[in-house]
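By convention here, the first residue in the shown sequence is residue 1.
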Amino acid sequence: MKLNQLRYIVEVARCGSINEAAKKLYITQPSLSTAIKELEEEFNIKVFIRTTKGVSLTTEGIEFLGYAKQILDQAELLEQHYNNKIPSKQLCSISTQHYAFAVNAFVNLIKRNHTNEYEFTLRETRTHDIITDVATLRSEVGILYLNDFNQKVIKRLLKENQLTFSPLFEAAPHVFISTQHPLSGQSIISLEELDDYPYLSFEQGEYNSFYFSEEILSTIYHKKSIHVSDRATLFNLLHGLNGYTISTGVLSTDLNGSDIASIPLATDERILVGWITSQKVQLSQSALSYINELKILIQNYGFKLK
């Protein structure tokens with residue numbers, strides 16, 4: 001085994017394509033394929049499944065990738081210490097449900113980053129995709145919530161994929177509506193009062209189960225329901241259609257403006273927001289810094305950390 005072979009494995013996993021990885025590594029595709037094959041034969045494992053659309057990690061490939069990253073990190077530390085080598089480009093990927101505070105924490109992470117080179121990724125995506133991203137090491141950290149309704153299913157998935165859920169804060173559900181909405185002046189809103197207005201939620205694709213919904217009380221029937229795929233569209237529909245959605249109550253005027261109201265929902269439900277990580281690898285310093293930014297931000301919003 002050579003360090004270059006480990007670097008090849010990491011790059012192919014990141015690109016999802018041997019051809020694309022070969023271009024980034026400045027080697028030929030046959031040379032890269034041969035290096036991977038030799039490593040697989042040496043350890044008697046299969047790291048990648050090859051398809052017409054690219055490659056994906058096998059179960060043992062995911063485990064191997066975790067060890068490979070740790071070895072490469074240690075090798076880089078040695079080179080930096082003894083050869084005064086310039087640190088390589090920082091890499092960090094985050095997957096999250098559609099939370100403005102998760103974006104704000106990412107912004108703060110970038111602002112406090114003083115390295116000359118970095119490549120960070122932020123994915124606002126579906127609940128099941130967040131779990132898959134972290135399980136396959138596509139992302140180091142995932143942000144999602146648990147409550148009494150979904151936690152049995154979500155926790156089972158986390159356990160199956162060797163993922164850990166770390167609580168961040170607990171919130172009472174709030175209704176997000178436009179400040180021009182007829183109910184915007186109320187101190188609390190019931191679901192019955194919202195019955196005639198369009199309910200907005202994030203679509204979950206093929207995993208469109210109530211358990212993967214980003215909004216609590218997902219089994220309740222709504223006369224008018226609209227599914228969207230991104231936060232900007234949802235907030236536009238809050239304005240244009242007097243729609244509403246249900247979330248944590250944490251709003252960012254920097255990202256969402258000052259024309260969205262957050263009003264408590266009349267319910268005893270609670271939302272436990274947290275982050276998930278893989279038990280197979282150690283988090284990078286960038287990922288740890290992102291989690292710290294989340295904690296600072298949530299405390300600034302007045303929430304108590306769990």
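Listed by chain and number, the residues in a salt bridge (Lys or Arg N to Asp or Glu O under 4.0 Å) with Glu293 are Arg112 (sequence neighbours excluded). With sequence neighbours excluded, the residues forming a side-chain contact (heavy atoms from CB on, under 4.5 Å) with Thr121 are Ser93, Arg123, listed by chain and number. Partners of Glu160 under the salt bridge (Lys or Arg N to Asp or Glu O under 4.0 Å) rule, at least two apart in sequence or in another chain, are Arg156. Here Asp195 pairs with Lys223 under the salt bridge (Lys or Arg N to Asp or Glu O under 4.0 Å) rule; sequence neighbours left out. For Glu40, the salt bridge (Lys or Arg N to Asp or Glu O under 4.0 Å) partners are Arg50, not counting sequence neighbours. With sequence neighbours excluded, the residues forming a side-chain contact (heavy atoms from CB on, under 4.5 Å) with Ser56 are Ile49, listed by chain and number.
Within the structure, ring-ring contact (aromatic ring centres under 6.0 Å, His included) contacts touching residues 127-155 (residues at least two apart or in different chains) are His128-Tyr207, His128-Phe212, Phe149-Tyr211. Sorted by first and then second residue, the ring-ring contact (aromatic ring centres under 6.0 Å, His included) pairs with a member in residues 268-303 read Phe169-Phe303; sequence neighbours excluded. Counting only residues at least two apart or in different chains, salt bridge (charged side-chain N to carboxylate O under 4.0 Å, His left out) contacts with residues 129-147 comprise Asp133-Arg138. Sorted by first and then second residue, the ring-ring contact (aromatic ring centres under 6.0 Å, His included) pairs involving residues 7-48 (not counting sequence neighbours) are Phe43-Phe64. Within the structure, every pair that satisfies the ring-ring contact (aromatic ring centres under 6.0 Å, His included) test and touches residues 174-201, not counting sequence neighbours, is listed here: His181-Tyr197, Tyr199-His222, Tyr199-Tyr244.
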Pairs of donor and acceptor atoms involving the side chains of residues 10-17, under 3.5 Å and at least two apart or interchain, shall be tabulated with distances.
unit_1 : atom_1 : unit_2 : atom_2 : d
Glu11  : OE2    : Arg14  : NH2    : 2.8
Arg14  : NH1    : Glu119 : OE2    : 2.7
Ser17  : OG     : Asn19  : N      : 3.3
Ser17  : OG     : Glu20  : N      : 3.1

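A donor-acceptor contact closer than 3.5 angstrom links the side chains of Gln186 and Glu193. No side-chain N or O of Ser229 forms a donor-acceptor pair with one of Glu203 less than 3.5 Å apart.
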